[in-house]
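Presented below is the structure to which this report refers.
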Amino acid sequence: GNQVIIFCTQAKQQMARFLATAAWRQPTGFDTGFKVYNTLTRAKEALVVSNPRRVSWYQCGPTVYSSSHLGHGCTYLRFDILRRALEHVSGVRVIQTMNITDIDDKIIARAKQTGETPEALARKYEHEFCNEMAQLGILAPARITRVTEFVPEIIAFVQTLVERGHAYSAPSGVYFDTAECASYGKFHDAHGDGGVVGPDLGKRSSRDFALWKLSDDTHSWPSPWGRGRPGWHIECSAMAAAAFGSHIDIHTGGIDLIFPHHENEVAQSESYFGCNQWADYFLHTGHVVVDGVKMAKSLGNGVPLATALQAAGSAQLRMLCLLTHYQDSIAYNATSLQHAASTLKRLRNMTTALGRRNPTTSRKWSAEATALVDLTWSTEEQVFAHLRDNFKTSDAIKSILNLVTAAHAHHASPAAAPDALATATQFVVSTMAALGLDLPTPASLWGTGPSPTSPGATQGDLTPALDTLVKFRGAVRAESLQLNATQPEAAKSLLALCDGARRELGQHGVHVTDTRDGSTWHREQPK
């Protein structure tokens, strides 16, 4: 008998999940050209938005009871990259709303520990969070909403759910009745225990969740059911409704929010609006992991975001996110950080390849120059294709680095064309800027050297000599690095001479940079 009941229950749940995913409909409107992995359907779908100029995007924000760790920072960084890529490639404008949870059991408990009021504690950490987002270079949302400023809207939302039979009052508060929501289970594959059932709570089912928690403490608000405060999930539904109404194009958050937060958010919003598809696309980011374990405050392995910013800097952290697909976990260790740093260095060093050749040289392109420009435009096509394919930023970076290598090779050629180098560099600089990473921009992209009529423009132009010197020094340095394995002392002496030459050249305004592609140099620009 029990086995039959269990089987029937499981079959009912599987059917509900099937109907929920089968009921998803491709939106009509503007096709952005992107395909994104939609957690609702567990598949890549064409990203079609209702408005050809604007995309509605709701981002779940922080609960401000303590400082953020790197895992939080990477979540917002990754979605910033996705937002920038979508705007850059498709030309749409993202209208983003993000919530701030500024009243919560954790906030109240922490405030009691510190002796602050919950409001003072929340404002302190909200200010800290916003400052860190700015340091990371994350675009600000069009609208930031605080829970405490939307309590009347939340109460009205709950009241409507009660009136329509989707929620019920209990001794401990108001709960959403999951039995009345046929599509409950759109995300969650295993409907486990959703909470404790007991006489103190009065819940009808373990899956039912709180919309309004009764409480007579000082951090509560009057309501038709008594003094209390909002449940966790209801706040996002009410504030998203205030910002966007009955429909959202994109909803995002960390992978931890899929269940129960987004599951419950969808159930109460679709019950409120009487619709089957409140948000068209749900996108979720992977964890940051340390030694194979996800980063979390509860596990004691959380790296404070402020510490990571101070140690690595915002550009390196952004590159760390660019080099990993947003759905995958990010391994936070010395190897991944070094990979991000070296990639960033290669991109930055590219700009030093300009401004060294005199415009009196031939302006006619060689076959090599034409090939570099052709590669630049094909790289643009590759980058756009990678970004459109569920935001494959790591593949986009690989394509860009291939172009960087080709640009360095062309610069070393006697037939190097300043115009071709400028075209490649302008593409790299503008593309990375579109993804939120500002690279040093050459003072001139015109390939100018000394004026043909200036004193020393012919006999005094040391560009060819410096090219030869730096090339020779780079060759000695490369041989020394190989020699280090068998004759470390000799290699050490040669490398010291190379470093000394670089320092002396720097004193004369000639700055040498060593990269995996060779050594480059540039003159210090006059101020």
Side-chain angles (χ1 to χ4, degrees), residues 311-313 315-316 319-320 323 333-358 361 368 372 397-398 400-418 420-421 424-425 428 439-443 447 449-450 456 459-526:
Q316 188 175 346
M319 181 56 70
L320 183 69
L323 291 173
N333 52 45
T335 301
S336 62
L337 287 172
Q338 178 57 39
H339 182 36
S342 61
T343 303
L344 189 62
K345 185 176 181 180
R346 287 186 67 192
L347 292 172
R348 286 173 168 166
N349 287 342
M350 182 186 183
T351 61
T352 65
L354 294 183
R356 299 178 197 156
R357 296 191 177 273
N358 197 301
T361 59
E368 292 87 348
L372 178 63
I397 296 298
K398 288 178 184 176
I400 291 172
L401 290 177
N402 287 336
L403 176 62
V404 170
T405 300
H408 277 292
H410 182 66
H411 173 261
S413 168
L421 289 168
T425 303
V428 173
L439 300 176
T441 303
Q459 294 181 349
D461 180 15
L462 297 178
T463 296
L466 287 170
D467 277 338
T468 301
L469 174 61
V470 171
K471 184 177 180 180
F472 173 76
R473 178 193 166 277
V476 172
R477 182 175 180 276
E479 290 294 329
S480 301
L481 291 173
Q482 292 185 356
L483 190 65
N484 189 51
T486 56
Q487 302 181 49
E489 290 301 321
K492 183 178 179 181
S493 298
L494 289 172
L495 288 171
L497 290 172
C498 290
D499 289 341
R502 186 185 64 220
R503 284 193 298 270
E504 289 189 36
L505 286 168
Q507 293 172 2
H508 297 287
V510 177
H511 296 275
V512 179
T513 303
D514 297 313
T515 73
R516 58 189 277 180
D517 299 307
S519 299
T520 62
W521 66 272
H522 69 279
R523 288 191 178 93
E524 187 175 36
Q525 297 295 330

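A quick note: this is a predicted structure, and the numbers were derived from the prediction, not measured.
- Remark: Ser342 pairs with Gln338, His339 by the side chain to side chain contact (heavy atoms under 4.5 Å, CB included) rule, at least two apart or across chains.
- Counting all heavy atoms, side chain and backbone alike, Ser519 lies closest to Gly474 at OG-CA, 3.6 Å.
- Residues satisfying the side chain to side chain contact (heavy atoms under 4.5 Å, CB included) test with Leu483, not counting sequence neighbours, are Thr486, Gln487, Ala490, Ala491, Leu494.
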Check step by step if side-chain contact (heavy atoms from CB on, under 4.5 Å) holds for Val510 and Leu469. CA-CA 11 Å; Val510 177; Leu469 174 61; over 6 Å; no
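- Atom OG1 of Thr343 sits about 11.5 Å away from atom CZ of Arg348, to the nearest 0.5 Å.
- Atom CD1 of Ile397 sits about 4.5 Å away from atom CE of Met319, to the nearest 0.5 Å.
- Shown here are the side-chain hydrogen bond (donor to acceptor under 3.5 Å, both in side chains) partners of Ser336, two or more places apart in sequence or in another chain: Asn333.
- Distance CG/Leu347 to CG/Leu344: 6.5 Å, rounded to 0.5 Å.
- Residues Cys498 and Val476 approach most closely at SG-CG1, 3.9 Å, considering heavy atoms.
- Atom-to-atom distance recorded for Leu401:CG and Met350:CE is 10.0 Å, nearest 0.5 angstrom.
- With hydrogens and angles disregarded, no donor-acceptor distance shorter than 3.5 Å links the side chain of His411 to the backbone of Ala416.
- The salt bridge (charged side-chain N to carboxylate O under 4.0 Å, His left out) contacts involving residues 472-497 comprise Arg473-Asp514, Arg477-Asp514, where partners must be two or more places apart or lie in separate chains.
- Here the closest heavy-atom approach between residue Ala407 and residue Leu421 is recorded as O-CD2, 3.4 Å.
- Side-chain atoms of Gln316 come within 3.5 Å of backbone N or O of Leu337 as a donor-acceptor pair.
- When all heavy atoms of Leu320 and Ala340 are compared, the pair lying nearest together is N-CB, 3.8 Å.
- Of all heavy-atom pairs spanning His408 and Asn349, the tightest one is CE1-O, 4.2 Å.
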